[in-house]
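Structure first, commentary second.
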Amino acid sequence: SGAVDPEARRRPLWELYHLTHAPEVQSAIRTAFARAAAGEVTRRDVSIRLGPGRFATFEGMLGPLLDEVGRVEAVICTGVDVSERIRLEEELRTHSQVLLRMGEGVHFTDGQGIIRYANQALERMFGYAPRELVGRPVTVLNDADEAENAALVAEIMGAMATTRRWEGTIRNRRRDGTTFYTRTRITRVDEPSEELYVCVQEDVTERLAAEATVRQTRDLLRQVIDASPDWIYVKDLDGRFLVINEAM
C-alpha cells in the first residue's frame, strides 16, 4: 500500500492507518473479525486508505485459523485490489441507465442476425413485451419478404466490411402487423469472442409523411406557376433567380 505503520503489530486490525478514515469501515472490520474469531468466513469490499487522498477498494476475506483439534487460534486476513472491477461495474451501470432512458430504439445482434439485447424504447416502438425479442432473428422487425430481406442484409454486410457502418431508412413491422419507418444506424463491434452489431432506430414515419406532403404541395404549386401565361420569377436579395416559370 505504500503506507508504513511501525506500530501495526501493537494495534487491532481496525485501528490500522488504512482503515481509520471512516467509522463505518472500522465497524464493518470489527464485526467481520468477531465472526471470523467465532469460526465463520466473511467476505466484503472495503475502502482502504493508501495515503493522503488516495483510496482503493479491496475484496477482503477474514477466516479462522484452526489448531489440530479444531479450535480457532488466529484469524487470517487477505485482500485483493478490486478498484478497477468496481470502476468498470459503475461504468456498466451508467451505460445501462443511458440505454434504458434513450428515446431511440437500440438492439444488439450477433453474427447470425439473432437479437441479443433490446432496450425498452425499441420494445415499445415495436409493441413487444420486455425481453420478448431476445433470441429472435432481427428480420422479424422488417416489413419485407425473404428476397427483400436478403438484399438488405447483403447491403448492410457490404457496408460493414468496408466502413463498419450503415445508415438508411427501413420499413418495419410492429407486433400487431402495422408498418412504420425508421432511420436506422448500424455499427459493427468486434468483441474478443464474437462480432456484434449495434442498431439504433428512430421512428421517422411522421417526418416522412410530412416531407411527402411538402413535396406534393411543391409539385402542385409548380404546375400552377407553369400553367400561368404571365411571366413569373423569384429572385433573392442578391439578384439570383430562384424560380422561373415556363412562360418566362
*Donor-acceptor pair, Thr163 side chain versus Ala159 backbone, under 3.5 Å?*
yes
*asked:* Under 4.5 Å between side-chain heavy atoms, counting indirect links through other Ile/Leu/Val/Met/Phe/Trp/Tyr residues: same cluster for Leu196 and Val106 or not?
replied: no
*Is the number of heavy atoms from other residues, nucleotides or ligands within 6.0 Å of OH (Tyr233) greater than 12?*
no
*Are any side-chain N or O atoms of His21 and backbone N or O atoms of Ser47, one a donor and one an acceptor, separated by less than 3.5 Å?*
yes
*asked:* Has Thr187 got a side-chain atom pairing as donor or acceptor with Arg165's backbone, closer than 3.5 angstrom?
replied: no
*Should Leu19 and Val82 be regarded as members of a common hydrophobic cluster, given that ILVMFWY residues are connected when their side-chain heavy atoms come within less than 4.5 Å of each other, either directly or indirectly?*
no
*Just how far is it from atom OG1 of Thr57 to atom CG of Asp81, taken to the nearest 0.5 Å?*
7.5 Å
*Of all residues at least two apart in sequence or in a different chain, which pass the side chain to side chain contact (heavy atoms under 4.5 Å, CB included) check with Ala37?*
Val75
_salt bridge (Lys or Arg N to Asp or Glu O under 4.0 Å): pairs with one or both residues in residues 56-69, sequence neighbours excluded_ = Asp67-Arg71
*Would you find a donor on one side and an acceptor on the other, under 3.5 Å apart, between the side chain of Gln223 and the backbone of Leu220?*
no
_Smallest separation among heavy atoms of Ala144 and Asn149, with atom names_ = O-ND2, 3.5 Å
*Val138-Val134 co-clustered via ILVMFWY side chain contacts under 4.5 Å*: no
_Flag if over 12 foreign heavy atoms under 6.0 Å of OH, Tyr128_ = yes
*Between Thr20 (side chain) and Tyr17 (backbone), is there a donor-acceptor pair under 3.5 Å?*
yes
*asked:* Below 30° counts as parallel, above 60° as perpendicular, anything between as tilted: where do the rings of Phe108 and Tyr117 land?
replied: tilted
*Could I get the full list of salt bridge (charged side-chain N to carboxylate O under 4.0 Å, His left out) partners for Arg87, not counting sequence neighbours?*
Glu84, Glu91
*Can you tell me if CZ on Arg171 sees more than 12 non-hydrogen neighbours from other groups inside 6.0 Å?*
yes
*Can you tell me how far CZ of Phe33 sits from OG1 of Thr42, rounded to the nearest 0.5 angstrom?*
10.5 Å
*Minimum-distance pair of heavy atoms, taken over all atoms of Pro229 and Ala247*: O-CB, 3.5 Å
_Contacts of Glu206 that satisfy side chain to side chain contact (heavy atoms under 4.5 Å, CB included) - sequence neighbours left out_ = none
*Output the rest of the hydrophobic cluster of Met61: all Ile, Leu, Val, Met, Phe, Trp and Tyr residues reachable through side-chain heavy-atom contacts under 4.5 Å, sorted by chain and number.*
Val41
*Which pair of non-hydrogen atoms, one from Asn245 and one from Ser228, has the smallest distance, and what is that distance?*
ND2-O, 3.6 Å
*Among side-chain atoms of Thr182 and Asn172, is any donor-acceptor pair under 3.5 angstrom?*
yes
*Could you tell me whether a side-chain N or O of Asn119 sits under 3.5 Å from a main-chain N or O of Glu104, the two making a donor and an acceptor?*
yes
*Tell me, do Asp45 and Arg85 make a side-chain contact under 4.5 Å, heavy atoms counted?*
yes
*So, for Cys77 and Leu13, which heavy atoms are closest and what is the spacing to 0.1 Å?*
SG-CD2, 4.3 Å
*Pairwise salt bridge (Lys or Arg N to Asp or Glu O under 4.0 Å) hits with a residue in residues 30-39, at least two apart*: Arg35-Glu40
*Just wondering, more than 12 heavy atoms not from Gln216 lying within 6.0 Å of its CD?*
no
_Of all pairs that satisfy salt bridge (Lys or Arg N to Asp or Glu O under 4.0 Å), the ones with a partner from residues 113-123, not counting sequence neighbours_ = Asp110-Arg116, Arg116-Glu194
*Please name all residues satisfying salt bridge (charged side-chain N to carboxylate O under 4.0 Å, His left out) with Arg240, sequence neighbours left out, ordered by chain then number.*
Asp236, Asp238
*By the rule that ILVMFWY residues connect when side-chain heavy atoms come within less than 4.5 angstrom, directly or transitively, which residues belong alongside Val72?*
Leu66
*Considering residues at least two apart in sequence or located in another chain, which fulfil the ring-ring contact (aromatic ring centres under 6.0 Å, His included) criterion with Phe58?*
none
*Where Leu122 and Ala118 come nearest, the two heavy atoms and their spacing*: CD2-CB, 3.7 Å
*Taking atom OG1 of Thr169 and atom CD of Glu167, what is their separation to the nearest 0.5 Å?*
8.5 Å
*When clusters are formed by joining ILVMFWY residues with side-chain heavy atoms under 4.5 Å apart, either directly or through shared neighbours, do Ile86 and Val46 land in the same one?*
no
*Under 4.5 Å side-chain linkage, directly or through intermediates, the cluster mates of Tyr197*: Leu152, Val153, Ile156, Met157, Met160, Trp166, Ile170, Ile186
*asked:* Distance check, rounded to the nearest 0.5 Å: Asp203 atom CG versus Arg183 atom CZ?
replied: 13.5 Å
*Just by modelled atom types, is the Gly158 backbone N or O under 3.5 Å from a matching donor or acceptor in the Thr162 side chain?*
yes
*asked:* Quick one: does any side-chain atom of Asp143 pair with a main-chain N or O of Phe180 as donor and acceptor, under 3.5 Å?
replied: no
*asked:* Applying a strict under-4.5 Å side-chain criterion to I, L, V, M, F, W and Y, I'd like to know whether Phe126 and Val204 cluster together.
replied: no
*Any side-chain donor-acceptor pair under 3.5 Å between Arg173 and Thr179?*
no
*Which pairs, with at least one residue in residues 215-224 and sequence neighbours excluded, count as a salt bridge (Lys or Arg N to Asp or Glu O under 4.0 Å)?*
Arg222-Asp226
*Determine the minimum heavy-atom distance between Arg174 and Met125, stating which atoms define it.*
NE-O, 3.4 Å
*Spacing of CD belonging to Gln26 relative to CG belonging to Leu16, to within rounding of 0.5 Å*: 9.5 Å
*Inter-residue atom distance Glu202.CD - Thr184.OG1, 0.5 Å rounding*: 9.5 Å
_Any donor-acceptor N/O pair, Arg136 side chain to Ile115 backbone, under 3.5 Å_ = no
